[in-house]
Amino acid sequence: MKSEKGKGALRLLVLLAVLVGFLYLAFDSMRGNKIKLGLDLAGGVSITYQAKEENPSSQDMKDTIFKLQRRVETYSTEAQVYQEGRNRINIDIPGVSDANQILEDLGRPGSLTFVDPSGNTILTGDQVKSAKPAQMQNKTTGQSQYLVELVFTEEGSKAFAEATSKLVGQHIAIIYDGRTYSNPVVKEAITGGTCQIDGMQSYDEADQLASTIRIGSLRLELEELRSNVVGAQLGQQAIHTSLKAGAVGFLAIVAIMVGIFWLPGLAASLALALYISLTVCLISAFDITMTLPGIAGIILSVGMAVDANVIIFTRIREEIGLGRSVREAVKSGFHKALSAIVDGNITTLIAAAVLYIMGTGTIKGFATTLGLGVVVSMFTALLITRSWVTAFLELGLDKKGLFGAVKERKTFDFIGKRKFFFGFALVVIASGFIGMGVYRAKTGSALNFGLDFKGGTSTNVTFNQDMSLEQIDAEVKPVVAAVTGDNDIQAAKVQGTNEVIIKTRALSVEERQSLDQALAEKFSVDQEKITAESITGTISGEMRRDAVLAVAIALLLMLIYIRFRFSNFRFAASAIMCLCHDVLVLFAFYVLFRWSIGSSFVACMLTLVGYSINDTIVIFDRIRENQKLYPRMDRKELANKSITETFSRSVLTSLTTFVTIFILFLLGVSSIRDFTLPLMVGTIFGTYSSIAIASPLWDLMETRHDKQKAAAEAAAKEAEKAEKAAKKKKK
C-alpha cells in the first residue's frame, strides 16, 4: 500500500510539473505576442493595386482576384482579396506589419511573355499554371543547380509544344515588364506541359524568378496604388474581453464538473487546463493565424474535450451503480466510453480535414483550429484525465462517495413523441423559407447578406485626432448607422495616421453625400478628405463554391464512416439528415431575425455540424451497445432506453458549451455578440435534434425497412407457391 501511495504521489508530481510547464509556455506565447492574429483581431497590411487597363472586363477582374487570393494565402490562410471600385484590387494580409517586404515578396504584377528570337510572343503569363523553385545535383560535376519548374495550362501546353518543336537549338526569352529575366536554349521539343529554366546562381534567385512568373500569370497588368498598415477591426478590447470571458468560462466549467462529478470532475478540470495550454502552445508553434472563426473552432473543441470526460465519468457512475468497485468501474468506464469518443471525434476530424484541404480563408482557419483541438482533446481526455484519476486512486482516494453512482432511470418514450418532434422541426424550418419569401417581397432581398458576401462601400475619413477603435465604435459607428440604417459596419485604422477605413453596405450617391456631411458636422473633418469606393465581397463566388463542395464531401465521407462503423446505413442516413435539420433550423433564425450573413455565418454553420454529429454519434453508440446486450428487446423500447441513459450526458455537455459561449456573449464587444448569439441557438437545437430527431428518425427508417423486407419475403413466397402450383398442374 505504501509503495502504491508513493507511486501515486510521484505520478501526481509529474502531472503537476507537466501542467505548470505548459501553462508557463502558453502564458509566455500570449505575453510575447507569439500567436499570429487575423485582421479582425490585430490588423495587418493592406495593399491596393490598380489595373493599367482603364475598363477591364468583370471576368478578367474576377480571374485576377482569384489567382491573387491563391497567391497571398501562402502568407496567411486569412488573407482577403476583393475588388475596389471599377479597376482596383485590394489585398489584406493579417499578422504582418512591413508593407514594403510584402510587396517585395509578392512580386510586381505585370506583363509576362515568352518570346522567340524573331520577337514573336509564344506564350503569355496567364497560360502558366504554376512556377516553383527547385534544386538538383549535376550528374557530371556533382555541383548543385538551381532552376525554376513551370507547369502550363492545357492551352499553354499545346502552344509551347508547337513552339519548342520548331525552335530546337534556339532561344526563348522570358520577358517581364520589358526586362528579360531568362533566355534559355531549347534543347528538345517539350510536349509534357512542363519545362525547366536553369542558369540560376542561387536558390533565392530561382525563388524570386518563380515568384515573378506566378504573379505575372495574372490576366491583368497591375500597378501598386497604395499600401497601408491597418489596425485591428475589433480592437484590443475584443481580445481582452475574449480572454476574460474564456477565463470566466473555464472557471464555470470547473465549478460544474466538480459540483456534479466530484473527484473525477477535478481530474477533468486539471486535464482541461492542460488541454487549453497545450492548444495555445501548438497554435503558436504551427504559426496558425487566429481569427473569430478560429476562436469558434477552439470553443467547439473545448466542448468536445469536456464531452469526452462526461461520457467517461457517466460510464464510471453507471458501473458503480451496478455494484462494481471504484477501481473496476474506472477501468470498465474508460473502456466502454472509448468507442463513442473515438467515433464522435473521427467524424469531426473528417469534416475538419476536408474543410482544410478544400476550404479557403477563414474556413481553412476554422478547420485548422478545430482539427488541432479535437486531436489534443482526445489525448487529454483518454490519457491525461485517466492519469489524474489513477493517481488519485493510488493515493487511496477510492471511496464510492467521491465518485457517485447512477441507478437505473425511468425510461421516457422519446420515440412515441416523434410526431410532435418532427412537426415542431418542420414548423421552424418552414418558417425560415416563408420568411425568405416575405422579406424578398418587402425588401427585395430574402437574406441579409453582409459585407463579406455582397460587398458595399469603403469610405476613407481623415479625422482631426487619432481615434481609438473603442471611440470609433462608440462615436463614429452610430453616425454611420443613422445614415445607412444598417449596423453591419466594419472599421479599421491606418496606422501612423488619423485615417479610418469604414466599410458599409453599398451606398447611393445621395447616401454618400449625406454620410460625408454627417461626419463633417459631427467631427469637423474636411469633406474634401473623405473618399469613397465600391468594394466587392471578400468571400468570392469561387470561395463559396469551394466551401459548399467541401461541406458536401465532408458529409459524404462522414456518411461512409458511420455506415462502416455501425454496419447499418440507416444510422448513417439519419445522422446526416439530422445535420441537415440543424443547419436549416439555424438558417431559419438567420432569416427571421435578419442576422447578417458573412464569414461568421460560415463558421457558425460549420461549428454546428461538428458539434451536433458528435452528440448524435454518442447516442447511436449506446443504441449499438444495447442491441448486443438486449437482442430481443423491442426496437422502440431499446431506442428510448439508450436516449434516456445518455440524456444527462447530452444535457450536461451542452450546458458546459453553452455556458462558455454565453459568457463570451455577455462580456464580449458587439461584433463578438453577433457571432456568439447564433452559436448559442445552434448549441440548443443541435442537442435537441440529437435527442429528439436522430433516434426517432432511425427507428422510422428501420420500421420502413422491416416492412419492405417483409413485403419482399411475402412476394417471394407467393411467387414460389405459384411456381409450385404451375409445376403441379403440368404434371
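Note that the coordinates shown come from a computational prediction; the quantities given were computed from them, not determined experimentally.
Taking the side chain as every heavy atom from C-beta outward, Leu700 and Phe422 approach each other to under 4.5 Å. When side chains are defined from C-beta on, Ile256 counts as touching Leu652, because their heavy atoms get closer than 4.5 Å. Here the side chains of Leu266 and Trp262 are not in contact, with every heavy-atom distance at 4.5 Å or above. The closest side-chain heavy-atom distance from Phe421 to Tyr688 is below 4.5 Å. Considering only heavy atoms from C-beta on, Ile283 comes within 4.5 Å of Leu372 through its side chain. For the pair Phe566 and Ile617, the minimum side-chain heavy-atom distance is below 4.5 Å.
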Practice item. Test side-chain contact (heavy atoms from CB on, under 4.5 Å) on Leu15 and Leu19 and set out the steps. Key: CA-CA 6 Å; Leu15 289 170; Leu19 176 59; over 6 Å; no

Practice item. Decide yes or no on side-chain contact (heavy atoms from CB on, under 4.5 Å) for Val310 and Met257, but give the supporting numbers first. Key: CA-CA 8 Å; Val310 171; Met257 293 297 290; 4.1 Å; yes

Point to revise | Criterion side-chain contact (heavy atoms from CB on, under 4.5 Å) on Val618 and Ile311, from CA distance to verdict | key: CA-CA 8 Å; Val618 171; Ile311 294 172; 3.5 Å; yes

Practice item. Evaluate side-chain hydrogen bond (donor to acceptor under 3.5 Å, both in side chains) for Asn448 paired with Ser596, printing each intermediate quantity in order. Key: CA-CA 5 Å; Asn448 181 24; Ser596 177; 4.8 Å; no

Practice item. Test side-chain contact (heavy atoms from CB on, under 4.5 Å) on Asp398 and Arg327 and set out the steps. Key: CA-CA 7 Å; Asp398 57 356; Arg327 291 174 184 258; 3.6 Å; yes

Point to revise | Test log, rule salt bridge (Lys or Arg N to Asp or Glu O under 4.0 Å), inputs Glu637 and Lys641 | key: CA-CA 6 Å; Glu637 184 182 350; Lys641 177 180 175 62; over 6 Å; no

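Note that Arg704 lies outside the cation-pi zone of Trp698, set by a 6.0 Å cut-off to the ring centre and a 45° limit from the axis. Judged by the 6.0 Å distance and 45° axis criteria, Lys419 is not positioned over the aromatic ring of Phe424.
The two residues Gly323 and Lys400 make their nearest non-hydrogen contact at O-NZ, 4.2 Å. Between Ile312 and Ala337, the shortest heavy-atom contact is CG1-CB, 3.8 Å. Across every non-hydrogen atom of Asn345 and Ser377, the tightest pair is OD1-OG, 3.8 Å. Between Phe313 and Ala268, the shortest heavy-atom distance links the atoms CE1-CB, 3.4 Å. Across every non-hydrogen atom of Leu349 and Gly371, the tightest pair is CD2-O, 3.7 Å.
Partners of Glu625 according to the side-chain hydrogen bond (donor to acceptor under 3.5 Å, both in side chains) rule, which considers only residues two or more places apart in sequence or in another chain, are Arg315. Partners of Lys331 by side-chain contact (heavy atoms from CB on, under 4.5 Å), not counting sequence neighbours, listed by chain and number: Arg386. Scored by the side-chain contact (heavy atoms from CB on, under 4.5 Å) test, Phe449 finds Leu447, Phe453, Lys454, Ile597 as partners (sequence neighbours excluded). Among residues two or more places apart in sequence or in another chain, the salt bridge (Lys or Arg N to Asp or Glu O under 4.0 Å) test is passed with Glu718 by none. The side-chain contact (heavy atoms from CB on, under 4.5 Å) search around Ala252 returns Val659, Ile663, not counting sequence neighbours. For Asp413, there are no salt bridge (Lys or Arg N to Asp or Glu O under 4.0 Å) partners at least two apart in sequence or on another chain. Under the rule for a side-chain contact (heavy atoms from CB on, under 4.5 Å), the partners of Ser654 that lie at least two apart in sequence or sit in another chain are Tyr611, Thr683, Thr687. Residues satisfying the side-chain hydrogen bond (donor to acceptor under 3.5 Å, both in side chains) test with Arg635, not counting sequence neighbours, are Asp699, Thr703, Asp706. With sequence neighbours excluded, no residue forms a side-chain hydrogen bond (donor to acceptor under 3.5 Å, both in side chains) with Ser387. In this structure Arg649 satisfies the side-chain hydrogen bond (donor to acceptor under 3.5 Å, both in side chains) test together with Asp307, Asp615, sequence neighbours excluded.
Side-chain atoms of Ser695 never come within 3.5 Å of backbone atoms of Ile691 as a donor-acceptor pair (strictly under, hydrogens ignored). The closest donor-acceptor contact from the side chain of Thr676 to the backbone of Leu679 lies at 3.5 Å or more, if one exists at all. Although no hydrogens or angles enter the test, the distance criterion places a donor-acceptor pair under 3.5 Å between the side chain of Thr656 and the main chain of Thr653. At least one donor-acceptor pair closer than 3.5 Å links the side chain of Tyr439 to the backbone N or O of Leu592. Not a single donor-acceptor pair under 3.5 Å links the side chain of Ser284 to the backbone N or O of Val280.
Under the 30°/60° scheme for interplanar angles, the aromatic rings of Phe593 and Trp595 are found to lie parallel.
For the side-chain hydrogen bond (donor to acceptor under 3.5 Å, both in side chains) criterion with Asn568, the lone passing option out of Gln627, Glu702, Arg624 is Glu702. With Ser332 as the fixed residue, the side-chain hydrogen bond (donor to acceptor under 3.5 Å, both in side chains) test singles out one of Glu318, Glu319, Arg324: Glu319.
Atoms OG1 and CZ, from Thr644 and Phe412 in turn, are 8.5 Å apart once rounded to the nearest 0.5 Å. Within the model, atoms CG of Asn640 and CD1 of Ile415 stand 5.0 Å from one another, a figure rounded to the nearest 0.5 Å. In this structure, CZ in Arg317 is found 8.0 Å from CD1 in Ile260, a value given to the nearest 0.5 Å. Separating the CZ atom in Phe665 from the CE atom in Met680 is a distance of 4.5 Å, to the nearest 0.5 Å.
Looking only at atom types and distance, the side chain of Ser339 has a donor-acceptor partner in the side chain of Asp621 under 3.5 Å away. A side-chain donor from one of Thr385 and Asn309 sits under 3.5 Å from a side-chain acceptor of the other.
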Please table the atom pairs, donor to acceptor, closer than 3.5 Å between any side-chain atom in residues 551-564 and protein atoms at least two apart or in another chain.
| from | atom 1 | to | atom 2 | distance (Å) |
| --- | --- | --- | --- | --- |
| Tyr561 | OH | Asp343 | OD1 | 2.8 |

Quick one: side chains of residues 571-590, donor-acceptor pairs under 3.5 Å with protein atoms, not counting sequence neighbours, listed by atom name and distance.
| from | atom 1 | to | atom 2 | distance (Å) |
| --- | --- | --- | --- | --- |
| Ser574 | OG | Arg570 | O | 2.7 |
| Ser574 | OG | Phe571 | O | 3.0 |
| Asp582 | OD1 | Ser689 | OG | 2.6 |
| Asp582 | OD2 | Ser612 | OG | 2.3 |
| Asp582 | OD2 | Ser689 | OG | 3.2 |

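Atom CZ of Arg594 has more than 12 neighbouring heavy atoms from other residues, nucleotides or ligands inside a 6.0 Å radius. A 6.0 Å sphere centred on CZ of Phe647 holds no more than 12 heavy atoms belonging to other residues, nucleotides or ligands. Environment of CZ in Phe569: sparse, with no more than 12 heavy atoms of neighbouring residues, nucleotides or ligands closer than 6.0 Å.
Two rings, from Phe261 and Phe403, have their centers 6.0 Å or more apart.
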